[in-house]
There are 2 protein chains.
Amino acid sequence: MRYKAGLETRERILGATRSLVAQNGLDGTTIKAICELAGVLPGSFYNLFASKEQAIVTVVREAIDAVDPDPDHHGTDTLQDLVDAYVRFLEESPELSRVYIRIGVSGAGSNPELTGRMVRHHQERVGRFAAAMKRQSPDLSETLAERRAETLVLALNGIALHRIIDPAFDVAWHARVLLDDAAAVS
Amino acid sequence: MRYKAGLETRERILGATRSLVAQNGLDGTTIKAICELAGVLPGSFYNLFASKEQAIVTVVREAIDAVDPDPDHHGTDTLQDLVDAYVRFLEESPELSRVYIRIGVSGAGSNPELTGRMVRHHQERVGRFAAAMKRQSPDLSETLAERRAETLVLALNGIALHRIIDPAFDVAWHARVLLDDAAAVS
DNA sequence: TTCAAATTAGAGTGGACACTCAAAGAGTCA
DNA sequence: TGACTCTTTGAGTGTCCACTCTAATTTGAA
């Protein structure tokens with residue numbers, strides 16, 4: 001894995017895995033399909049990855065990390081910033097976002113490392129939304145902000161999900177409705 | 001399929017299928033597991049069902065139908081009635097509701113009949129929510145009510161989804177937040 | 001140019017899968 | 001009871017899966 005050729009092949013394999021997981025889900029993605037799309041034979045695949053799962057986990061990690069934008073902005077962004085960032089992620093990285101939603105949905109399969117990562121990611125995400133909420137309406141109690149933030153995050157996931165079935169679905173508009181409704185209360 | 005024994009076996013198989021699909025998803029459910037849980041051998045399974053898919057489709061249909069409560073009430077129920085009914089379904093039929101969410105959400109696999117059924121179900125559901133919204137705030141335009149209703153339905157799905165990962169999740173509370181937020185705007 | 005290490009090729013393995021089938025066993029009529 | 005149909009049995013089939021292995025080829029540092 002030190003030569004240039006190997007690194008290129010690795011990228012081709014990850015790209016193929018990303019597309020296939022986005023299209024067919026975690027279970028529906030086979031080594032054969034990955035190899036064909038990447039223009040590689042099984043021997044090459046297993047020279048670079050220990051297992052099918054390793055390739056998929058790599059792609060999934062990539063997807064989870066891509067959802068959390070600008071980690072530096074922690075503590076300054078508004079609720080709208082966070083919602084906008086998510087919408088942008090959904091629109092600008094359709095393949096990665098499909099991967100992200102697929103795991104969120106299928107519970108990350110049976111991989112414990114991935115499940116743990118997804119749960120932690122969710123908690124962090126809710127925390128970040130809750131902090132933005134509290135900044136916006138300081139008289140909100142800590143726990144109420146957390147719970148309301150979770151409602152919003154999960155609702156956004158519900159919206160994002162529908163795009164797997166209907167690619168033309170207007171995610172931005174619906175996300176905006178959720179944001180406005182939440183704002184109308186506080 | 002005319003004798004009593006056959007009908008009983010059929011029910012046992014469907015029950016096993018329902019549990020397994022709820023637990024392991026559509027792809028993760030195997031004939032072997034269904035047969036073991038139902039206390040039946042493959043030959044018996046194939047005496048009653050033409051394929052694994054047929055058994056799964058039967059269970060999925062059941063789940064989709066169970067979401068739509070009281071079809072007679074059409075045209076009289078409030079938004080809160082509809083939300084409450086969904087929450088009740090989620091809490092009282094956990095297995096069916098997991099099946100429902102798994103397909104609604106994963107795009108029903110690659111079965112076109114099932115996908116079509118799910119899309120139609122979604123549209124009807126949105127229509128029913130939209131009608132309740134218009135009844136509540138008559139000055140809402142037709143299309144706006146539809147789109148806002150869709151936002152609500154999808155957000156509810158997002159909430160329901162989280163229960164697959166966390167069975168202790170308080171669906172009712174979060175559903176209420178969505179309902180109240182939506183009401184606060186109109 | 002040499003040569004060890006990295007990379008590919010591609011046939012092959014064992015296991016799990018959905019599904020079949022012929023024969024034996026029950027249930028339900030006349 | 002006889003006769004017919006439905007049901008169960010359980011070993012068996014072919015296919016596809018993730019994954020392995022050996023030998024050939026390519027790479028790049030010295």
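The 5' end of DNA chain D is approached more closely, in terms of each residue's nearest nucleotide, by Lys32(A) than by the other of Lys32(A) and Ala50(A).
Transitive grouping of hydrophobic side chains (ILVMFWY, heavy atoms separated by less than 4.5 Å) keeps Leu41(B) and Leu7(B) in distinct clusters.
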Side-chain donor-acceptor contacts of residues 25-35 of chain A below 3.5 Å, not counting sequence neighbours, with atom names and distances?
residue  : atom : partner  : partner atom : Å
Thr29(A) : OG1  : Leu20(A) : O            : 3.4
Thr29(A) : OG1  : Gly25(A) : O            : 2.7
Thr30(A) : OG1  : Ala33(A) : N            : 3.1

Give the table of side-chain donor-acceptor pairs shorter than 3.5 Å for residues 120-132 of chain A, with sequence neighbours excluded, one pair per line with atom names and distance.
residue   : atom : partner   : partner atom : Å
His121(A) : NE2  : Tyr100(A) : OH           : 2.8
His122(A) : NE2  : Glu150(A) : OE2          : 2.9
Arg128(A) : NH1  : Asp68(A)  : OD1          : 2.3
Arg128(A) : NH1  : Pro69(A)  : O            : 3.4
Arg128(A) : NH2  : Pro69(A)  : O            : 3.1
Arg128(A) : NH2  : Asp70(A)  : O            : 3.3
Arg128(A) : NH2  : Asp77(A)  : OD2          : 3.0

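Closest contact between the side chain of Thr30(A) and the listed nucleotides dA9(C), dA18(C), dC17(D) involves dC17(D). Of the candidates dT8(D), dT20(D), dT20(C), dT8(D) carries the atom nearest the Ser44(B) side chain, counting heavy atoms from C-beta on.
Rounded to whole angstrom, the span from the CD1 atom of Ile56(A) across to the P atom of dA18(D) amounts to 9 Å. As rounded to whole Å, 15 Å separates atom P of dA18(C) from atom CD of Gln54(B). Between Asn47(B) atom CG and dC6(D) atom C1' there is a gap of 7 Å when expressed in whole angstrom units. If you measure from atom CZ of Phe45(A) to atom P of dC17(D), you get 14 Å, rounded to the nearest angstrom. The separation between Ile34(A) atom CD1 and dC19(D) atom C1' is 13 Å, rounded to whole Å. Taking atom CZ of Arg2(B) as the reference point, atom P of dC4(D) lies 15 Å away to the nearest angstrom. Protein atom CD1 of Ile31(B) is 15 Å distant from nucleotide atom C1' of dG10(D), rounded to whole Å. Across the protein-nucleic acid pair, Leu41(A) atom CG and dG12(C) atom C1' stand 14 Å apart, rounded to whole Å.
Note on Ser51(B): every side-chain N or O is 4.0 Å or more away from OP1 and OP2 of dA18(C). Between dT20(D) and Tyr46(A), no contact under 4.0 Å exists linking OP1 or OP2 to a side-chain N or O.
Between the side chains of Ser19(B) and Glu95(B), a donor-acceptor pair is found at a separation under 3.5 Å. A donor-acceptor pair shorter than 3.5 Å cannot be found between the side chains of Ser44(B) and Asn47(B).
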Please determine whether salt bridge (charged side-chain N to carboxylate O under 4.0 Å, His left out) holds for the pair Glu91(B) and Arg163(B), giving the CA-CA distance in whole Å, both sets of side-chain angles, and the decisive distance to 0.1 Å.
CA-CA 10 Å; Glu91(B) 287 178 341; Arg163(B) 249 223 343 201; over 6 Å; no

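The closest donor-acceptor contact from the side chain of Arg102(B) to the backbone of Ala22(B) lies under 3.5 Å.
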Which atom pairs link the protein and nucleotides 25-30 of chain D when you take only N or O atoms and keep those under 3.5 Å?
residue : atom : partner : partner atom : Å
dT27(D) : O2   : Tyr3(A) : OH           : 3.1

